[in-house]
Enquirer: 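Okay, here's the structure, questions in a sec.
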Amino acid sequence: MNRTLLDSSIIPANTTGKPSFAVVGAGVVGLCVALEALRQGYAVTLLDSNEPGTAASYGNAGYLATELIDPLATPESVRSAPKLCLDPDGPVCVPWKYLRNSIPWYAKFLAASNTANAQQGTQALSALNQLSVSSWQRLLTDIDATDQIIKVGNLVVWENPEKKADAHALIERMATFGLTCEYVEGQRLADLEPELSQQLSHAVFFPDAYRLSDPYAVCQTLYNTFIERGGQFFQQKVMGLEAHHKAIQIYLEDQKAYPFDHVTVCAGAWSTELLKQVGITVPLEAERGYQLTFPEKNQQHLNHMVLSADRRFVMSPLDSGLRVVGMSEIGGTSLAPIKKRYAVLNKHTKALLPEAYSKGKEAPTEWMGHRPTLPDSLPVIDQHPTFSRLSFAFGHQHLGITQAAITAELLLQKIQNEPTLLSLNAFKVDRF
């Protein structure tokens with residue numbers, strides 16, 4: 001393809017006198033980066049082939065999951081993987097049509113799952129998560145949207161009374177990371193969640209847990225503020241990147257080069273091909289997640305986020321309705337959803353909230369999205385090792401909503417050569 005630097009026909013020239021900054025990807029991470037770059041004085045252009053907030057961010061449970069500090073790649077998860085994969089109602093699935101493509105990722109997953117790597121991953125995730133809520137509070141205060149972060153509390157529930165030791169072990173482990181939680185059962189559990197199935201035996205309650213009002217609504221608020229503050233959005237697919245020391249060039253479908261002083265790639269599961277063009281290979285895969293959303297007018301009332309330890313799925317009482325999220329499958333970005341995954345989520349939901357399926361209740365909507373997942377479960381928050389004007393923020397796996405705001409703060413600190421709130425060594429783009 002013959003590419004030449006031409007006068008902008010899609011993106012107008014930057015006439016603000018401010019350094020130009022492009023963000024590739026308008027999910028929640030990209031939106032947070034774009035807003036933070038604006039706040040730091042850049043002229044910011046946001047690019048995505050989709051409308052803002054309509055990819056993986058759209059179907060998120062909205063929960064700021066600060067207690068999820070363990071990577072997926074651990075010795076325990078490797079030992080339990082065969083059983084989980086063979087369980088037709090289990091949380092882990094393998095799309096056989098994609099297995100050959102995913103083998104290299106699984107190999108790196110196994111390599112990352114030794115005890116030392118898992119412990120380092122836990123330390124890195126814990127450090128990042130500890131800063132996540134306060135970062136969201138700063139961001140939403142800055143844009144006058146503090147009503148969109150809600151202290152909701154989280155319940156990890158068990159149906160099996162023989163698993164009480166698991167609950168106490170979780171409490172002890174969380175205490176070592178400074179996370180407050182308590183053991184609940186009987187009337188205390190019923191008071192917290194009166195509409196949950198009476199089959200529940202016990203739970204661990206995290207009283208200080210937060211959620212966003214609704215992931216898509218928050219993305220729209222972020223986007224609207226971005227535009228109001230002078231940011232530009234172009235619904236365009238980025239076809240290529242070219243890195244230089246003095247500028248980074250972006251190529252769109254018109255095959256023209258658009259130069260920027262700084263570019264950040266926040267393209268989630270679609271980041272891989274762009275990175276290859278600038279000499280970086282990352283073992284990034286699309287981890288497909290499934291969800292159901294019950295309409296607001298029909299939703300059963302939950303007071304808190306609920307995570308089933310037995311069934312391994314999440315129920316989230318969002319402003320837009322009850323959202324049920326679960327399933328994990330490495331399946332790429334092109335396969336169609338596998339319908340029986342929705343049936344499993346319906347089965348688990350009905351077991352805990354049977355009234356949601358009573359006569360006259362509207363059926364939930366179904367959705368599947370692509371979580372950007374790296375084998376060690378850690379995101380990339382880094383600059384290109386040679387071209388510092390090019391940076392990256394992707395690979396947040398199950399924690400994109402949780403870590404979006406703090407990722408933006410940390411990345412802009414790094415870009416501007418300022419001290420970062422925590423060490424970013426664990427999140428390097430070339431660590432593989």
Side-chain angles (χ1 to χ4, degrees), residues 27-29 31-32 53 56-70 72 91 125-126 128-137 139-140 145-157 170 174 177 179-181 192-193 196 203-219 221-222 287 289-294 296 299-309 311-328 345 348-349 352-353 364 367 369 371-373 377 379 396-407:
V28 67
V29 174
L31 287 164
C32 287
S57 303
Y58 178 85
N60 195 284
Y63 174 41
L64 305 185
T66 56
E67 82 279 9
L68 297 184
I69 57 175
D70 290 316
L72 290 184
L125 287 173
S126 175
L128 196 58
N129 284 357
Q130 284 178 13
L131 299 174
S132 62
V133 172
S134 58
S135 182
W136 267 112
Q137 289 170 332
L139 171 57
L140 294 175
T146 54
D147 60 325
Q148 295 197 10
I149 185 170
I150 301 162
K151 189 174 182 180
V152 67
N154 177 43
L155 277 168
V156 181
V157 303
L170 175 61
M174 293 296 99
F177 291 93
L179 291 165
T180 301
C181 52
L192 287 169
E193 284 297 348
L196 277 181
V204 172
F205 179 47
F206 292 81
D208 298 326
Y210 286 78
R211 70 169 174 89
L212 300 183
S213 58
D214 179 87
Y216 181 64
V218 170
C219 284
T221 299
L222 297 175
E287 181 191 345
Y290 292 77
Q291 59 106 309
L292 308 171
T293 300
F294 292 80
E296 181 180 6
Q299 78 175 53
Q300 297 301 301
H301 185 258
L302 288 181
N303 297 319
H304 311 88
M305 298 284 303
V306 175
L307 187 156
S308 170
R311 300 172 185 273
R312 303 199 185 195
F313 80 110
V314 173
M315 295 186 291
S316 176
L318 300 177
D319 291 5
S320 58
L322 176 66
R323 179 158 295 167
V324 178
V325 179
M327 301 295 171
S328 175
L345 283 180
H348 291 328
T349 307
L352 295 186
L353 278 175
W367 187 88
R371 307 180 186 108
T373 298
S377 300
H396 294 76
Q397 195 213 27
H398 294 249
L399 296 170
I401 287 283
T402 304
Q403 298 169 351
I406 187 59
T407 291

Enquirer: Would you confirm whether S308, through its side chain, and F313, through its main-chain N or O, come within 3.5 Å as a donor-acceptor pair?
Expert: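 Checking the backbone N and O of F313 against the side chain of S308, no donor-acceptor pair under 3.5 Å is found.
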
Enquirer: Heavy atoms only: give me the nearest V325-G59 pair and the separation to one decimal.
Expert: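 Answer, listing the atom of V325 first, then G59: CG2-O, 4.1 Å.
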
Enquirer: Minimum heavy-atom separation for I406 to S135, with atom names?
Expert: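 It is N-OG, 3.1 Å.
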
Enquirer: Kindly compute the distance separating CD1 (I401) from CG (L64), expressed to the nearest 0.5 Å.
Expert: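 Taking CD1 in I401 and CG in L64, the distance rounds to 8.0 Å.
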
Enquirer: Any side-chain heavy-atom pair from Y290 and V324 closer than 4.5 angstrom?
Expert: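 They are not in side-chain contact.
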
Enquirer: Side chains of N60 and Q291: closer than 4.5 Å at any heavy-atom pair?
Expert: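 They are not in contact (no side-chain heavy atoms under 4.5 Å apart), so the answer is no.
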
Enquirer: Starting at CG of L179, measure out to CE of M174 and round the result to the nearest 0.5 Å.
Expert: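 With rounding to 0.5 Å, CG (L179) is 6.0 Å from CE (M174).
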
Enquirer: Please round to the nearest 0.5 Å and tell me the distance separating atom CD of Q403 and atom OG of S132.
Expert: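 OG of S132 is found 7.0 Å from CD of Q403.
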
Enquirer: Quick check: do L318 and S213 have side-chain heavy atoms less than 4.5 Å from each other?
Expert: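 Side-chain contact under 4.5 Å: no.
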
Enquirer: Taking all heavy atoms of N129 and all of A65, pick out the closest pair and write down the distance.
Expert: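 Residues N129 and A65, closest heavy atoms: ND2-O, 3.6 Å.
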
Enquirer: Which value, rounded to the nearest 0.5 Å, describes the distance between T146 atom OG1 and L139 atom CG?
Expert: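 Answer rounded to 0.5 Å: 11.5 Å.
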
Enquirer: Just verifying a value: how many Å separate E193 CD and L352 CG, rounded to the nearest 0.5 Å?
Expert: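 Rounded to the nearest 0.5 Å, the CD-CG separation comes to 11.0 Å.
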
Enquirer: Step by step, work out the side-chain contact (heavy atoms from CB on, under 4.5 Å) result for E287 and L72.
Expert: CA-CA 12 Å; E287 181 191 345; L72 290 184; 4.3 Å; yes

Enquirer: Is a side-chain N or O of T221 found less than 3.5 angstrom from the main chain of A217, in a donor-acceptor match?
Expert: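 Yes: the side chain of T221 pairs with the backbone of A217.
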
Enquirer: State yes or no: are the ring centers of H304 and F205 separated by less than 6.0 Å?
Expert: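 Between F205 and H304, which both carry aromatic rings, the centre distance is below 6.0 Å.
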
Enquirer: Report the C-alpha distance between L353 and L196 in whole Å, list the side-chain angles of each, state the deciding distance to 0.1 Å, and finish with yes or no for side-chain contact (heavy atoms from CB on, under 4.5 Å).
Expert: CA-CA 6 Å; L353 278 175; L196 277 181; 4.3 Å; yes

Enquirer: Find the distance between CG (L125) and OG1 (T66) and round it off to the nearest 0.5 Å.
Expert: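 Output value for this atom pair is 12.0 Å.
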
Enquirer: Of all the heavy-atom pairs spanning P207 and C181, show the shortest one and how long it is.
Expert: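 Where P207 meets C181 most closely, the heavy atoms are CD-CA, 4.2 Å.
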
Enquirer: Going by atom types only, do S316 and R323 share a side-chain donor-acceptor pair under 3.5 Å?
Expert: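 No, R323 and S316 have no side-chain donor paired with an acceptor closer than 3.5 Å.
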
Enquirer: Can you find a heavy atom in the side chain of L322 that is under 4.5 Å from one in the side chain of L302?
Expert: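 A side-chain contact under 4.5 Å exists here.
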
Enquirer: Show the nearest heavy-atom pair for residues V156 and N154, with the distance to one decimal.
Expert: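 Closest heavy-atom pair between V156 and N154: CG2-ND2, 4.0 Å.
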
Enquirer: Ignoring hydrogens and angles, tell me if any N or O in the side chain of R211 forms a donor-acceptor pair with the backbone of P317 under 3.5 Å.
Expert: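 Yes, the answer is positive, given that a donor and an acceptor are paired below the 3.5 Å cut-off.
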
